[in-house]
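All remarks here apply to the structure that follows.
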Amino acid sequence: MLDTPAKTCPLTRDQAINRYFLEHRAKLIDIAAFLDRLDRAPADAPADDYRINALHRALDLLRDGRPDRARRVLELFSDPTTDPIPKAHTQAASGAHPEA
(Lines give C-alpha, C1' and ligand atoms only; values in the text may rest on other atoms or scores of the structure.)
Protein backbone atom coordinates (compact mmCIF):
# COMPACT_ATOMS: atom_id res chain seq x y z
CA MET A 1 0.00 0.00 0.00
CA LEU A 2 1.30 3.42 -0.90
CA ASP A 3 1.54 6.06 1.81
CA THR A 4 1.60 8.93 -0.67
CA PRO A 5 0.45 9.01 -4.28
CA ALA A 6 3.10 9.03 -6.97
CA LYS A 7 3.65 12.47 -8.49
CA THR A 8 2.74 11.56 -12.05
CA CYS A 9 0.34 14.34 -13.03
CA PRO A 10 1.94 16.61 -15.64
CA LEU A 11 -0.09 19.55 -14.32
CA THR A 12 0.54 21.58 -11.22
CA ARG A 13 -2.16 21.41 -8.54
CA ASP A 14 -3.38 24.88 -9.53
CA GLN A 15 -3.51 23.93 -13.22
CA ALA A 16 -5.47 20.75 -12.44
CA ILE A 17 -7.97 22.71 -10.34
CA ASN A 18 -8.39 25.36 -13.04
CA ARG A 19 -8.84 22.76 -15.78
CA TYR A 20 -11.08 20.20 -14.06
CA PHE A 21 -12.92 21.80 -11.14
CA LEU A 22 -16.09 22.86 -12.99
CA GLU A 23 -16.46 19.46 -14.67
CA HIS A 24 -16.28 17.62 -11.34
CA ARG A 25 -18.42 20.18 -9.56
CA ALA A 26 -21.15 19.37 -12.10
CA LYS A 27 -20.75 15.63 -11.45
CA LEU A 28 -21.20 16.16 -7.72
CA ILE A 29 -24.31 18.27 -8.32
CA ASP A 30 -25.64 15.44 -10.50
CA ILE A 31 -25.08 12.93 -7.67
CA ALA A 32 -26.77 15.28 -5.21
CA ALA A 33 -29.77 15.62 -7.56
CA PHE A 34 -29.99 11.83 -7.87
CA LEU A 35 -30.00 11.42 -4.09
CA ASP A 36 -32.62 14.17 -3.79
CA ARG A 37 -34.83 12.34 -6.31
CA LEU A 38 -34.52 9.17 -4.23
CA ASP A 39 -35.54 11.10 -1.11
CA ARG A 40 -38.66 12.40 -2.90
CA ALA A 41 -39.61 9.08 -4.53
CA PRO A 42 -42.39 6.92 -3.07
CA ALA A 43 -40.99 4.09 -0.96
CA ASP A 44 -41.76 1.07 -3.17
CA ALA A 45 -38.52 -0.76 -2.35
CA PRO A 46 -36.41 -1.29 0.77
CA ALA A 47 -34.44 1.77 1.88
CA ASP A 48 -31.25 -0.28 2.14
CA ASP A 49 -30.65 -0.95 -1.56
CA TYR A 50 -27.14 -2.37 -2.00
CA ARG A 51 -26.40 -0.02 -4.90
CA ILE A 52 -27.22 3.10 -2.90
CA ASN A 53 -25.30 1.72 0.08
CA ALA A 54 -22.28 1.23 -2.21
CA LEU A 55 -22.67 4.80 -3.50
CA HIS A 56 -22.65 6.15 0.06
CA ARG A 57 -19.56 4.08 0.91
CA ALA A 58 -17.87 5.39 -2.24
CA LEU A 59 -18.60 8.97 -1.20
CA ASP A 60 -17.03 8.21 2.19
CA LEU A 61 -13.90 6.91 0.42
CA LEU A 62 -13.58 10.19 -1.47
CA ARG A 63 -13.18 12.08 1.82
CA ASP A 64 -10.95 9.72 3.78
CA GLY A 65 -7.72 11.43 2.70
CA ARG A 66 -6.03 8.20 1.67
CA PRO A 67 -4.39 7.71 -1.76
CA ASP A 68 -5.68 5.60 -4.64
CA ARG A 69 -9.28 6.74 -4.31
CA ALA A 70 -10.17 5.82 -7.90
CA ARG A 71 -8.86 2.26 -7.49
CA ARG A 72 -10.57 1.81 -4.13
CA VAL A 73 -13.93 3.11 -5.43
CA LEU A 74 -13.69 0.86 -8.49
CA GLU A 75 -12.95 -2.12 -6.24
CA LEU A 76 -15.90 -1.23 -4.02
CA PHE A 77 -18.27 -1.42 -7.00
CA SER A 78 -16.62 -4.54 -8.48
CA ASP A 79 -17.63 -8.15 -7.99
CA PRO A 80 -14.84 -9.72 -5.92
CA THR A 81 -15.80 -13.31 -6.75
CA THR A 82 -13.74 -15.42 -9.12
CA ASP A 83 -16.05 -18.39 -9.65
CA PRO A 84 -18.37 -18.11 -12.66
CA ILE A 85 -22.09 -18.19 -11.99
CA PRO A 86 -24.22 -20.71 -13.91
CA LYS A 87 -26.64 -18.10 -15.21
CA ALA A 88 -27.00 -14.34 -14.88
CA HIS A 89 -30.11 -13.27 -13.00
CA THR A 90 -30.58 -10.20 -15.23
CA GLN A 91 -29.55 -9.12 -18.71
CA ALA A 92 -27.68 -6.08 -17.48
CA ALA A 93 -25.07 -5.23 -14.90
CA SER A 94 -26.28 -3.54 -11.73
CA GLY A 95 -23.16 -1.42 -11.25
CA ALA A 96 -22.48 -2.65 -7.71
CA HIS A 97 -22.01 -5.98 -6.02
CA PRO A 98 -24.72 -6.99 -3.53
CA GLU A 99 -22.25 -8.49 -1.07
CA ALA A 100 -19.76 -5.61 -1.06
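Quantities reported herein were computed from a predicted structural model and do not represent experimental measurements.
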Exercise. Which atoms form the tightest heavy-atom contact between L76 and A54, and what is the distance?
Worked result: CD2-O, 3.2 Å
For this session: Heavy atoms only: give me the nearest D48-N53 pair and the separation to one decimal.
Result: O-ND2, 3.2 Å
For this session: Give the C-alpha distance, both sets of side-chain angles, the deciding distance and a yes or no for side chain to side chain contact (heavy atoms under 4.5 Å, CB included) between L61 and R69.
Result: CA-CA 7 Å; L61 286 177; R69 285 178 287 266; 5.6 Å; no
Without placing hydrogens or testing angles, list every side-chain donor-acceptor pair under 3.5 Å for residues 22-46, not counting sequence neighbours.
unit_1, atom_1, unit_2, atom_2, d
E23, OE2, K27, NZ, 3.3

Exercise. Step by step, would you call R72 with D64 a salt bridge (Lys or Arg N to Asp or Glu O under 4.0 Å)?
Worked result: CA-CA 11 Å; R72 293 186 296 126; D64 71 8; 2.7 Å; yes
Exercise. For D79, which residues count as a side-chain hydrogen bond (donor to acceptor under 3.5 Å, both in side chains) partner, sequence neighbours excluded?
Worked result: T81, H97
For this session: State which residues pass side-chain hydrogen bond (donor to acceptor under 3.5 Å, both in side chains) with T12; sequence neighbours excluded, sorted by chain then number.
Result: Q15
Problem set entry | Gap between atom CG of D14 and atom CZ of R19 - 0.5 Å precision | 11.5 Å
Seminar exercise, completed: d(L55 CG, D49 CG) to nearest 0.5 Å is 10.5 Å
